Amino acid sequence: MKYEKEKLEEKKERAYTILTRLKKIYPTASTALHHTSALELLVATILSAQCTDERVNLVTKALFSKYHTTNEFADANRAELERIIKSTGFYRAKANSIINCCKMLVEKHGGVVPDTMEDLVKLPGVGRKTANVILGNFYGKTEGIVVDTHVKRLSELLELTKQTEPEKIEVDLMQIIPKKNWIAAGNILILHGRNICTARNPRCKECKVNDLCPSAKD
DNA sequence: CTCCCGATAT
DNA sequence: ATATCAGGAG
């Protein structure tokens with residue numbers, strides 16, 4: 001709890017310095033999930049739960065060559081869909097989410113993926129994390145910050161928040177990061193989490209912001 | 001809080 | 001063997 005007494009302004013400045021330095025390492029920070037439409041990004045993001053983006057891209061390559069429209073996903077053969085996405089884990093729940101989600105898109109949104117947080121989180125299998133990914137990376141809208149397992153871990157290690165619940169962490173981050181950087185911030189923290197600040201053996205020596213991290217080890 | 005769940009690195 | 005991977009629902 002090194003930064004327990006840190007003032008809000010100081011925390012904002014530290015966060016800004018951290019993100020500015022990391023931005024230089026990851027200049028083109030954007031989603032690593034392959035997609036050519038909002039629908040594809042939605043499906044890919046649903047599949048990304050507790051699974052590496054690398055594997056998601058492998059699966060979606062086959063998946064998107066078979067299913068193209070919201071209608072096709074809504075009417076998909078459940079067994080076949082499950083078979084294709086099986087290797088991403090949670091495959092029954094994910095197949096359910098994809099099918100039910102696309103059914104709602106067809107029934108209530110004319111088959112189009114909505115571009116507001118309000119509508120997105122009403123979709124089955126879609127929470128704030130998934131909604132923020134779509135809003136930020138496809139529609140160029142910033143209604144929040146993506147808080148996935150990486151952003152959660154780094155925010156806690158860097159003591160940018162004392163919260164442990166993703167939604168509360170997001171509120172804290174939104175308070176200390178300028179809105180125009182919300183999208184980039186999420187993508188940068190995710191990349192740094194994958195490359196350097198890993199969950200198991202974080203490579204703190206190689207970390208360019210270890211001097212600003214109370215959890216850094218040598 | 002638990003459950004969903006396969007693949008991979010350690 | 002075990003922890004972890006772009007979470008969300010009940």
Side-chain angles (χ1 to χ4, degrees), chain A residues 22 26 28-35 38-64 78-105 113-114 117-139 142-157 163-171 173 182-204 217:
Chain A
L22 294 180
Y26 316 109
T28 57
S30 63
T31 179
L33 297 171
H34 297 170
H35 65 280
L39 176 63
E40 287 189 357
L41 183 55
L42 171 64
V43 172
T45 310
I46 288 173
L47 293 177
S48 72
Q50 294 294 294
C51 179
T52 61
D53 52 357
E54 192 179 357
R55 174 150 299 279
V56 172
N57 288 334
L58 233 90
V59 166
T60 54
K61 186 174 181 183
L63 187 64
F64 296 158
R78 188 175 301 274
E80 185 190 52
L81 181 58
E82 286 182 358
R83 182 177 55 74
I84 297 173
I85 69 172
K86 187 167 188 177
S87 69
T88 66
F90 298 161
Y91 63 92
R92 279 189 284 265
K94 287 175 181 176
N96 258 328
S97 291
I98 291 170
I99 291 172
N100 294 334
C101 201
C102 286
K103 283 190 170 167
M104 187 180 281
L105 289 180
V113 179
M117 175 67 71
E118 187 185 357
D119 287 336
L120 282 168
V121 294
K122 284 179 187 165
L123 299 171
V126 176
R128 285 193 63 90
K129 180 262 174 178
T130 299
N132 275 323
V133 167
I134 294 164
L135 288 171
N137 290 286
F138 193 85
Y139 290 122
T142 54
E143 294 200 30
I145 296 175
V146 174
V147 179
D148 70 331
T149 183
H150 295 298
V151 176
K152 176 180 188 291
R153 184 178 67 257
L154 270 65
S155 299
E156 290 170 355
L157 289 172
Q163 303 295 335
T164 58
E165 296 170 44
E167 292 203 9
K168 292 184 178 178
I169 291 174
E170 186 185 352
V171 172
L173 292 180
W182 286 359
I183 308 301
N187 288 326
I188 285 169
L189 291 176
I190 289 162
L191 282 175
H192 197 57
R194 283 188 55 186
N195 295 332
I196 305 291
C197 189
T198 51
R200 275 209 235 177
N201 296 91
R203 293 150 56 196
C204 299
K217 295 175 181 177

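Residue numbers start from 1 in every chain, and the chains themselves are labelled A, B, ... in the order their sequence lines are given, proteins ahead of strands. Predicted, not measured: the structure shown is a model, and the values here were computed from it.
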Take atom [atom1] of [X] and atom [atom2] of [N], then tell me their distance rounded to the nearest Å.
X         : N      : atom1 : atom2 : value
Leu47(A)  : dG8(C) : CG    : P     : 13 Å
Glu165(A) : dC1(B) : CD    : C1'   : 11 Å
Leu42(A)  : dG7(C) : CG    : C1'   : 13 Å
Leu191(A) : dC5(C) : CG    : C1'   : 15 Å
Lys152(A) : dG8(C) : NZ    : P     : 14 Å
His150(A) : dG7(C) : NE2   : C1'   : 12 Å
Ile98(A)  : dA9(C) : CD1   : P     : 14 Å
Glu82(A)  : dG6(B) : CD    : P     : 11 Å

dG8(C) phosphate, OP1 or OP2, under 4.0 Å from Thr130(A) side-chain N/O
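Answer is yes, contact under 4.0 Å.
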Does Arg55(A) place a side-chain N or O at less than 4.0 Å from the phosphate oxygens OP1/OP2 of dT8(B)?
yes
Can you check the distance between [N] and [M], where both ends of the measurement are the [atom1] atom (answer in whole Å)?
N       : M      : atom1 : answer
dG10(C) : dG6(B) : C1'   : 22 Å
dA6(C)  : dC1(B) : P     : 23 Å
dG8(C)  : dT8(B) : P     : 24 Å
dC4(B)  : dT4(C) : C1'   : 16 Å

Give one of base, sugar-phosphate or nothing for [X], where a contact means two heavy atoms less than 4.0 Å apart.
X         : result
Asn96(A)  : nothing
Thr149(A) : sugar-phosphate
Ile46(A)  : nothing
Ala32(A)  : base

Contact check, side chains of Val56(A) and His34(A), non-hydrogen atoms, under 4.5 Å
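Not in contact.
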Would you say that Val151(A) contacts Glu170(A) through its side chain, given a criterion of any heavy-atom pair below 4.5 Å between the two side chains?
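Not in contact.
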Would you mind telling me which residue lines up with the more 5' stretch of DNA chain B, Asn201(A) or Cys51(A), judged by nearest nucleotide?
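Checking each residue's closest nucleotide, the 5'-ward one belongs to Cys51(A).
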When you get a sec, tell me which of [options] is the closest nucleotide to the side chain of [X]?
X         : options                : result
Arg153(A) : dC5(B), dA9(B), dC5(C) : dC5(C)
Ala93(A)  : dA6(C), dC5(C), dC5(B) : dC5(B)
Arg92(A)  : dG8(C), dC5(C), dC5(B) : dC5(B)

Between CG on residue Asn100(A) and SG on residue Cys102(A), distance to nearest 0.5 Å:
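One gets 9.5 Å once the value is rounded to the nearest 0.5 Å.
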Asn57(A) and Ala32(A) have their tightest heavy-atom pair at ND2-O, 2.9 Å
Hey, is Phe90(A) doing a stacking thing with dC5(B), by the 5.5 Å centroid and 30° angle criteria?
no
Any donor and acceptor pair, going by atom type alone, linking the side chain of Lys217(A) with main-chain N or O of Pro202(A) inside 3.5 Å?
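No, the answer is negative, given that no donor and acceptor are paired below the 3.5 Å cut-off.
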Relative to the 5' end of DNA chain C, which residue comes earlier, Val126(A) or Gly186(A), by the nucleotide with the nearest heavy atom?
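Counting from the 5' end, the first nearest nucleotide belongs to Gly186(A).
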Assess whether a salt bridge exists between Lys86(A) and Glu82(A), defined as any Lys/Arg side-chain N lying under 4.0 Å from an Asp/Glu carboxylate O.
no
Donor-acceptor pair under 3.5 Å, Arg200(A) side chain vs dA9(B) base
yes
